[in-house]
Amino acid sequence: MDWSTMIDTLDDLDVEGTTVGVRVDVNSPIDDESLADDARLRAHVDTLSELLERGGRVAVLAHQGRPGGNDFVSLAPHADRLSVLLDRPVEYVDATFTDAAREAVRSLDNGECVVLENTRFYSEEYMEFDPERAARTHLVEGLAPVLDAYVNDAFAAAHRSQPSLVGFPTVLPGYAGRVMESELDVLGSIEATPEPRVYVIGGAKVPDSIDVAWSVLEKGLADHVLTAGVVGNVFLIADEVDLGDSSSDFIYNQGYWDEIDRAQDLLDAYGDRIALPRDVAVERDGDRHEIAVNALPPRDGEAAMDIGHSTLAYYERILEDAGTVILNGPAGVFEDETFETGTKELYGAATSVPMSIVGGGDTASALRQLGVEGFSHVSTGGGAALRMLTAEPLPAVTALENGPRAND
Ligand SMILES: Nc1ncnc2c1ncn2[C@@H]1O[C@H](COP(=O)(O)OP(=O)(O)O)[C@@H](O)[C@H]1O
Ligand SMILES: O=C(OP(=O)(O)O)[C@H](O)COP(=O)(O)O
């Protein structure tokens, strides 16, 4: 699809003196209420600097974390960091669509920037709506009247149909920011990538990963799907492997128990193209200990924290023949040195595939931490990149396509 004829970009926006709501994705790892990684903020510097240098009045909108999570914090640290990255004052306002927020936006001068509060502090933002309904939420009805235009640079959240992503472009002229633009350029033509095509699904967002696996297997886009991380554990349980109580409780407590049935259905339908871990790593006596799947369950209290070396050898053989590999989600709890091996080696092997595309906030942070480099493209998005690489439309992009344009 040539998206560029359907969506305006910053090249089409008359910026000077215009008040622009800019949706970014700065959802970042948080350590004790502070930013543990600023890569997602740095990604948006080009878009924000350009708008400010061209005399725009910028109100930044973004989410951080999910309700109930330890990373569900205010955007105050993000505003502080943006101020350093943009080399200009960035005011933080602890409101999103109230009088205080509107007043802060109205009082912006050309070249000034304000960061509004975490959009998900407001409950409707964590729901999915069609764009017309999203346009009637408190957030959009409250804030849109003080904005002249809307820029979506939040490619990493573009697979969500939430008010800040699909509501604003329904009522305001919408534009793709520079991050959105480059991601759509690179990821827009999965069918043109070399085959065989391998999808690696790891990490912890199990429902999203299973959606993607269904889609790429059903459409014949994937020759192989390699499972790892919590996703791999869910598939092992679906394959009737006894992973022990610790891993099972973790999956249950995350609310992913029903995903086991979906994984089972997927294995029934496409089992010949889905690869499951052959061994897992647990912590035993303070060290890494690998257990073959046929020797499971582990001891009481031990959880599957990484894929083991036998799995790595198996997956690396599949990658040797791949034309394209698309990866999202760490293979294990990479934050702990004991369990970084699976992610480091699997992702390292993927860099030798002719076309290698990686996505995901935690994944990108893991790769930086582990010093793994050399991919064809590192996307700012995980779920969004995977969704795009299933050739499915992204709701936030569709909303930009269908919404009003300045020259309508
Ligand atoms: N076996 C595992 N058990 C528990 N957590 C895991 C396991 N494997 C990976 N994870 C966790 O998955 C998280 C990242 O997953 P996810 O958010 O899906 O990635 P991304 O942000 O790249 O899409 C990391 O915090 C990592 O610790
Ligand atoms: O981090 C994100 O996605 P990712 O983990 O797929 O990279 C985005 O900020 C979307 O967040 P969400 O998955 O809580 O909607």
Side-chain angles (χ1 to χ4, degrees), residues 23-31 36-37 39-40 43 62-72 78 118-120 125-128 153-162 164-165 183 200-212 227-237 243-244 246-251 253-254 256 277 280-283 298 302-308 311 327-336 338-343 346-347 358-369 378-389 394-396:
R23 178 58 160 98
V24 296
D25 190 322
V26 289
N27 187 24
S28 305
I30 299 291
D31 190 2
D37 183 283
R40 278 192 162 162
H63 76 275
Q64 169 62 53
R66 294 177 174 184
N70 291 336
D71 61 350
F72 190 51
H78 305 65
N118 185 345
T119 51
R120 286 188 183 169
E125 174 70 357
Y126 199 53
M127 298 168 75
E128 304 251 326
D153 212 26
F155 172 77
H159 55 319
R160 308 290 180 213
S161 191
Q162 293 164 347
S164 70
L165 294 151
E183 296 278 14
V200 178
I201 50 171
K205 291 180 180 168
V206 180
D208 289 343
S209 301
I210 292 187
D211 287 349
V212 165
T227 63
V230 183
V231 180
N233 291 351
V234 166
F235 272 88
L236 285 174
I237 295 174
L243 271 185
S246 292
S247 292
S248 300
D249 289 352
F250 180 85
I251 290 163
N253 291 334
Q254 296 288 309
Y256 292 158
V280 297
V282 300
E283 183 172 334
E302 292 178 346
M305 307 277 272
D306 195 9
I307 54 173
T311 310
L327 310 95
N328 168 238
V333 183
F334 72 92
E335 296 92 338
D336 178 344
T338 318
F339 300 110
E340 67 180 30
T341 316
T343 305
L346 182 61
Y347 276 73
V358 174
D362 284 303
T363 304
S365 147
L367 297 177
R368 270 190 304 281
Q369 181 183 316
V378 180
S379 173
T380 52
L386 281 182
R387 171 96 170 245
M388 188 132 183
L389 295 166
L394 299 178

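Indexing begins at 1, ligand by ligand and atom by atom, following the structure's order.
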Protein heavy atom at shortest distance from atom 22 (O) of ligand 1: T363 OG1, 2.5 Å

Note the single closest protein heavy atom to atom 6 (C) of ligand 1, along with its residue, its atom name and the distance in Å. V230 CG2, 3.5 Å

Out of I307, V231, D362, who gets a non-hydrogen atom closest to atom 19 (O) of ligand 1? D362

Show the numbers, then the answer: is there a side-chain hydrogen bond (donor to acceptor under 3.5 Å, both in side chains) between E125 and H63? CA-CA 9 Å; E125 174 70 357; H63 76 275; 5.8 Å; no

What are the atoms of ligand 1, with element, lying closer than 4.0 Å to any heavy atom of K205? 17 (O), 18 (O)

Check M305 against ligand 1 and report side chain, backbone, both or neither, counting heavy atoms closer than 4.0 Å. backbone

Assess whether a salt bridge exists between K205 and D362, defined as any Lys/Arg side-chain N lying under 4.0 Å from an Asp/Glu carboxylate O. no

Listed partners of R66 passing salt bridge (charged side-chain N to carboxylate O under 4.0 Å, His left out), at least two apart: none

How far is atom 23 (O) of ligand 1 from its nearest protein heavy atom, and which residue and atom is that? N328 ND2, 3.1 Å

A304, portion touching ligand 1 at heavy-atom distance under 4.0 Å: backbone

In the protein, what heavy atom is nearest to atom 11 (C) of ligand 1, and what distance, to one decimal place, separates them? A204 CB, 4.3 Å

Polar contact flag for G229 and ligand 1 (N/O pairs, less than 3.5 Å): no

Atom pairs, nitrogen or oxygen, ligand 2 to protein, under 3.5 angstrom:
unit_1   : atom_1 : unit_2 : atom_2 : d
ligand 2 : 1 (O)  : N27    : ND2    : 3.1
ligand 2 : 1 (O)  : R40    : NH1    : 2.8
ligand 2 : 3 (O)  : K205   : NZ     : 3.4
ligand 2 : 5 (O)  : K205   : NZ     : 2.4
ligand 2 : 6 (O)  : G383   : N      : 2.6
ligand 2 : 7 (O)  : R40    : NH2    : 2.7
ligand 2 : 7 (O)  : G361   : N      : 3.1
ligand 2 : 7 (O)  : G382   : N      : 3.2
ligand 2 : 9 (O)  : D25    : OD1    : 3.2
ligand 2 : 9 (O)  : D25    : OD2    : 2.6
ligand 2 : 9 (O)  : N27    : ND2    : 3.0
ligand 2 : 9 (O)  : H63    : NE2    : 3.0
ligand 2 : 11 (O) : H63    : NE2    : 3.3
ligand 2 : 13 (O) : R66    : NH2    : 2.8
ligand 2 : 13 (O) : R160   : NH2    : 2.7
ligand 2 : 13 (O) : K205   : NZ     : 3.1
ligand 2 : 14 (O) : R66    : NE     : 2.8
ligand 2 : 14 (O) : R120   : NH1    : 2.9
ligand 2 : 15 (O) : R120   : NH2    : 2.7
ligand 2 : 15 (O) : R160   : NE     : 2.6

Give a yes or no on whether the backbone of V358 and the side-chain of S379 come within a donor-acceptor separation of less than 3.5 Å. no

Heavy atom of the protein closest to atom 9 (C) of ligand 1 (residue, atom name, distance): G332 O, 3.2 Å

Would you find a donor on one side and an acceptor on the other, under 3.5 Å apart, between the side chain of N233 and the backbone of A304? yes

Atom 25 (O) of ligand 1 [closest protein heavy-atom partner, distance rounded to 0.1 Å]: E335 OE2, 2.6 Å

Do side-chain atoms of T343 reach the backbone of A331 as a donor and acceptor pair under 3.5 angstrom? yes

Spell out, as yes or no, whether a donor-acceptor pair under 3.5 Å connects the side chain of R120 to the backbone of G65. yes

Taking only heavy atoms of P330 into account, list the atoms of ligand 1 that are under 4.0 Å away from them. 9 (C), 14 (C), 15 (O), 19 (O)

